[in-house]
Amino acid sequence: MDLSYGPEYETFREEVRDFIAVNRHLAPKNAGRAARPSNEGVAWQKLLIEHGYTARTIPREYGGFGAEPDILKSRIIAEEFARAGVPGGLANQGISMLVPTLLELGTEEQKRRWIEPTLAGDVVWCQGYSEPGSGSDLASLKTSARVEGGDFVVNGQKIWTSTAKEADMIFCLVRTEGDAAKHQGISYLIFPMTTPGIEVRPLRTMTGHAEFNETFFTDVRVPVDQIVGQRGQGWFVANATLGHERGMLGDPDALENRLLALIELMKVEQVGGARVIDLPALRDRLVALQAEVAAMKYNGMRILSNQIKGEPGGMAKLIVKLQACELAHQISALAIDALGELGILYNGSAHERANGSWQWNYMFQLGLIIGGGTAQIQKNIISERGLNMPREPRLDLPKGPSAQGGQ
Amino acid sequence: MDFGLSQEQQMLAESVTRLLRELSPLDHVRQVAEAGSAVSAQSQAALAELGLPGLVVPEAHGGLGMGLLDATVVATALGEAVAPVPFAARNVMAPLALIAAGSEAQQAQWLPRIAAGEVRFGVGVNEQVSRRDGSGVRCTGGALTGTALFVLDCEEADHFMIADEAGRLHIVSAQADGLELIALKTIDATRSVGELRLASTPAEALADDGGAAARRLIAAGRILLAADSLGAADAMIAQAVAYAGQREQFGRVIGSFQAVKHMCAEMAAKNEPCRSLVWYAAHAFDAVPAEAELVACHAKSHTGEVGRFVARTATEVHGGMGFTDLLGLHYWFKRIGFDRQVLGGPETVREEAAILQGWTARGV
């Protein structure tokens, strides 16, 4: 056990701290959840790329910083920005999912055309994967694309397209090979959201806001070269990046920050003249969550250490999405209970705390437990890949040893 | 940067596991327990060959000079095997007490004999955590009077390390005047705990340090109990998965039903982060003293909760068989139950964690 990063890395940490101290006044305020970064946000993103604090390992010719992969340096950057409370690089679906996909499987022309403006925040993407009838069983998707006069002609409907209203482009899974087995008939297309025939309808959720959309395609024409990978290979192209999304949903720094905010809340809020943290039942729950957050933090350090050694993440990694999303939800739940009756105030009510964000988080985090691979799908993955338990017999695939795919 | 066990630590764990797999299969554990003992002579002797009695004793005093993280990997291996072998108190807490609060002369007198297995300690510090049934030990004029409950590793002990009500530690001989040891019968047949009644019993005091050494012992004990619980939970998950892979109902192995798979996944998902928490707690004990007590509380309370969940869920995966004595799964269930309660159950320990952080002024 050696938790020091070593002198080379401590020097690097000092550099990052100095950069933050000197430049933090340039960071966008309220970066929040806006899909399209403000001008300030784009300028900040470009400054971060220039210094290698985001897009660090993406080659220079594609608009990145071009550093060798160094897991510890990436970790130090994340730690220092989180500690300073300054927004780090953009982490939208274009950057976290499309860019790695293009780097791995895109043509040279696609890489040159799309990666740089995506990294810079100039081009915003949305993801067209889920459909009303295809959630956990994503490979059953029905949005079709037939070839006609050099174009794919796309018809169908996507759901949970979170940034569809703001997005310039979509990366979209469509069925191009109607006769092929379900995992072999899908292609991965990229096209502008301004293409005729696309309609975006906001999808209001339980939070009262429309964090997502439904996106409808009616005879949307996409030139046949706007495909990533080969026809019929879309499932494998998409799977190359699904892991990135799960990684995004289990950040231990985010959990720690939520917990610190909860501790602060419980020290500040008073009921009947006593601090909430002085109420034994609530305090007990707080310490229990603190222990769980600590466990996830050290679990994250173990994963990091395995990555450095080039070892597989194993069970420690498989459980992150399930545990971290649940824990985040529990933190918000305790905050609401700590607020008692005030916990139900919302929508800018008198006496509301933190702009109603504890309630919003409590509800939205339930969405995150379901999205990105439901808790139940996560448990299938943990039991099948982590514990080597047998799969549920499947009715949707031809019988035989090759009846794989899906999850 | 390396968060995890060193190769030496992995080898140590594997040695203990291999040895117990050979010498202490469940049949043997059962035999020892049914004979009314919590000590397997053959396992104890073989583990002594590996140097466990002197594991944390400094090399200058004839030990291996290892840290609590090393002891933790041993505890996990012992829990995994539900081994009836005294370890946490006898081989770790007692020498740590002497290292923390023994004079040079005391260290020179006791540590080499502990390392050689010539003296066998039981440890009674539970009154520092919770006093029940009027327990508590007073020190007057160098003699101890009162009752210490849940004295750990008391079977075959020839000496005891006892905390008085001020938290000062004392060494008492099992042969001393006015000492009576009553074995307590617990659910867990693989560990021995006792009630020590003392009436003006002569004792040798360690340094008067305001209870610092006792608190350190308790932190170490909690981490070791957490590690033991982790290992026992690992074993229960492995047995549940194996059983679900063999047992057939409705024409399928039950492990192919999602209802059963999800129970197993939940156990693994809750248990796996405990491993990193326990390792870090032990590391903090060795190297980050400012954090040690708090993380020990977290490790103890969290593994206590997860252990209870795993113990009942793994039993349920086994269906009716899990409930029988035949299968013996209950040895792990009870070991986890012991680990949870001793040196403070989750609520007690969480309250201490709150006090350590200044979140509440109330004393224990």
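When heavy atoms are compared at a cutoff of 4.5 Å, A:Glu326 does not approach chain B at all. For a residue to count as touching a neighbouring chain, one of its non-hydrogen atoms must lie under 4.5 Å from one of that chain's; by this rule A:Leu318 does not touch chain B. Only the side chain of B:Ala244 comes within contact range of chain A, with heavy atoms under 4.5 Å apart. Of the atoms belonging to A:Glu392, heavy atoms from both backbone and side chain fall under 4.5 Å from chain B. Looking at A:Ile277, the atoms closer than 4.5 Å to chain B (heavy atoms on both sides) sit in the backbone and in the side chain alike. Heavy atoms of B:His283 lying under 4.5 Å from chain A belong exclusively to its side chain.
Heavy-atom minimum distance, B:Asn91 versus B:Leu52: CB-O, 3.6 Å. Contact between B:Ala235 and B:Trp332 at its shortest, heavy atoms only, is CB-NE1, 3.3 Å.
Counting heavy-atom pairs closer than 4.5 Å to chain A, the top residue among B:Gln9, B:Arg252, B:Glu305, B:Glu347 is B:Arg252. Residue with the most contacts toward chain A among B:Ala287, B:Ala353, B:Gly4, B:Ala281: B:Gly4 (heavy-atom pairs, distance under 4.5 Å). With chain A as partner, the option from B:Ala238, B:Ser256, B:Ser6, B:Ala299 having the largest number of non-hydrogen pairs under 4.5 angstrom is B:Ser256. Taking B:Met263, B:Glu266, B:Lys261 one by one and counting their heavy-atom pairs under 4.5 Å with chain A, the maximum is reached by B:Lys261. Note: B:His298 leads B:Lys270, B:Arg275, B:His298 in heavy-atom pairs under 4.5 Å with chain A.
Side-chain contact of B:Asp70 with B:Thr72: a donor-acceptor pair under 3.5 Å is absent, judged by distance alone. A donor-acceptor pair shorter than 3.5 Å can be found between the side chains of A:Glu79 and A:Tyr5. No side-chain N or O of A:Gln323 forms a donor-acceptor pair with one of A:Glu292 less than 3.5 Å apart.
Taking the salt bridge (charged side-chain N to carboxylate O under 4.0 Å, His left out) definition, one finds that A:Lys297 meets it with A:Glu256, sequence neighbours left out.
Between B:Lys300 and B:Asp339 no salt bridge is recorded (no basic side-chain N to carboxylate O distance below 4.0 Å).
Distance check, rounded to the nearest 0.5 Å: CG of B:Leu343 to CD of B:Gln128 gives 11.0 Å.
Within residues 298-309 of chain A, the residues having any heavy atom less than 4.5 Å from a heavy atom of chain B are, in residue-number order, A:Tyr298, A:Asn299, A:Met301, A:Arg302, A:Leu304, A:Ser305, A:Ile308, A:Lys309.
The aromatic rings of B:Tyr280 and B:Phe3 lie parallel to each other, their planes meeting at an angle below 30°, with 60° marking the opposite boundary.
For the pair A:Arg258 and A:Trp358, the cation sits on the ring face: its NZ or CZ lies under 6.0 Å from the ring centre, inside 45° of the axis.
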